Amino acid sequence: MAKTCFLHPLMFMLLLFVTLGATLSKNSHNISTDQSALLVFKSHITHDPHNLLATNWSTSTSVCNWIGVTCGSKHHRVTALNLSFMDLTGTIQPHLGNLSFLASLNIRQNSFHGSLPIELINLRRLKYLNFGNNSFDGEIPSWFGYFAQLESLLLYANEFTGVIPSTIWNLSKLEKLSLFNNNFKGQIPTTIGNLSNLKRLFLDNNSLSGNIPIEIGNLAMLEYLVLDQNNLNGK
Ligand SMILES: *[C@@H]1O[C@H](CO)[C@@H](O)[C@H](O)[C@H]1NC(C)=O
Ligand SMILES: *[C@@H]1O[C@H](CO)[C@@H](O)[C@H](O)[C@H]1NC(C)=O
Ligand SMILES: *[C@@H]1O[C@H](CO)[C@@H](O)[C@H](O)[C@H]1NC(C)=O
Ligand SMILES: *[C@@H]1O[C@H](CO)[C@@H](O)[C@H](O)[C@H]1NC(C)=O
Ligand SMILES: *[C@@H]1O[C@H](CO)[C@@H](O)[C@H](O)[C@H]1NC(C)=O
Ligand SMILES: *[C@@H]1O[C@H](CO)[C@@H](O)[C@H](O)[C@H]1NC(C)=O
Ligand SMILES: *[C@@H]1O[C@H](CO)[C@@H](O)[C@H](O)[C@H]1NC(C)=O
Ligand SMILES: *[C@@H]1O[C@H](CO)[C@@H](O)[C@H](O)[C@H]1NC(C)=O
């Protein structure tokens, strides 16, 4: 009896520490993290001709009310960023990787340029990624293959070069892959046959070569396939 009484406070303390630890680590990223990440992002916008972020992204209102920002009701974190068609010029900052609840990132049709920081690898919940019609160059980083939830990967109309990383063909949830109007080279690998959910594939106007893999014929969901303006054999 005395032993039980002695153990109880200890157990209580242990429980308290475990709970506190869990709470602290869970809260190490919160809506304030999202706000500071977006403020750093804003500070690297070099041209905002319509003064959209300049006037609207103000700390006097919640980040969830900012133009282009959507928050989730459950965790009260930023879940979507849609800055498409805003005529913005800038670079992507590593801080964006702190938006750990981000599921949708759309910066389509702007003038973003430079390289993509590896910190984006932390965006594990990403389902939709649209960098289309910007001025990104260099190779697509192989860590794009770690976005396991990705359903849409849209990188068309940029200046990407090099080989499409092999990890991309491992994104099993991918439904839309749009890489047209870039300078990709190399072959389309047979592992493309693993993208069993793929519905739309646009690889036109690149410098892809080699044979079109017969495995594309195994993609049962495929509705659109555009491969023209490349150096591919066998149509
Ligand atoms: C966010 O977490 C920090 C500590 O990491 C804390 O100081 C701050 O009050 C939290 N903010 C909100 C809005 O929960
Ligand atoms: C920012 O834009 C949103 C969406 O257009 C609008 O609802 C909000 O009132 C604006 N906030 C400020 C401070 O201008
Ligand atoms: C983003 O914004 C554009 C323009 O306002 C809109 O057409 C598009 O549907 C939005 N949605 C997503 C998911 O990006
Ligand atoms: C956010 O990201 C940056 C750069 O990746 C980092 O320096 C910073 O400490 C991160 N965390 C918070 C809570 O802002
Ligand atoms: C890219 O943006 C330019 C300028 O707004 C536009 O004329 C062009 O149609 C866009 N291209 C694609 C592929 O979206
Ligand atoms: C693809 O996924 C499998 C299984 O998860 C893994 O073993 C393999 O290394 C991955 N390949 C690439 C190119 O990422
Ligand atoms: C092909 O892509 C390049 C960019 O890599 C673009 O300048 C050109 O207009 C595109 N051609 C066609 C026919 O769409
Ligand atoms: C991908 O496809 C290749 C060849 O088509 C196959 O050998 C491999 O097991 C597949 N990998 C996964 C992760 O499904």
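Just follow the structure's listing: the first ligand is 1, and inside any ligand the first atom is 1. Just so we're clear, the structure is a prediction, and the values are computed from it rather than from any experiment.
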Can you spot which of L177, L198, N194 makes a side chain to side chain contact (heavy atoms under 4.5 Å, CB included) with W169?
L177
Just which atoms of ligand 1 are under 4.0 Å from any heavy atom in S32?
11 (N), 12 (C), 13 (C)
Check ligand 1 against N30 and write out every atom of the ligand that is under 4.0 Å from a heavy-atom position of the residue.
1 (C), 2 (O), 3 (C), 8 (C), 10 (C), 11 (N), 12 (C), 14 (O)
Tell me whether the rings of F144 and F131 are parallel (<30°), tilted (30 to 60°) or perpendicular (>60°).
perpendicular
Check the orientation of H75 and F101. Use parallel for under 30°, tilted for 30 to 60°, and perpendicular for over 60°.
tilted
Considering only protein heavy atoms, which is closest to atom 9 (O) of ligand 7, and at what distance to one decimal place?
N205 ND2, 4.8 Å
Closest non-hydrogen protein atom to atom 4 (C) of ligand 7, residue and atom name please, with distance?
N181 O, 4.0 Å
For atom 11 (N) of ligand 2, decide whether some protein heavy-atom distance is shorter than 4.0 Å.
yes
Do you see a protein non-hydrogen atom under 4.0 Å from atom 2 (O) of ligand 2?
yes
No-hydrogen, no-angle side-chain donor-acceptor test under 3.5 Å, Q229 and D204
no
Any side-chain donor paired with an acceptor under 3.5 Å for T91 and Q93?
yes
Those atoms of ligand 2 less than 4.0 Å from some heavy atom in N65
1 (C), 3 (C)
Provide the number and element of each atom of ligand 2 under 4.0 Å from a heavy atom of I67.
2 (O)
Would you find a donor on one side and an acceptor on the other, under 3.5 Å apart, between the side chain of N206 and the backbone of N182?
yes
Ignoring angles and geometry beyond distance, decide whether Q229 reaches within less than 3.5 Å of ligand 7 through its nitrogen or oxygen atoms.
no
If we only count N/O pairs under 3.5 Å, is W66 in contact with ligand 2?
no
Should the pair E175-K199 be classified as a salt bridge under the 4.0 Å nitrogen-to-oxygen rule?
yes
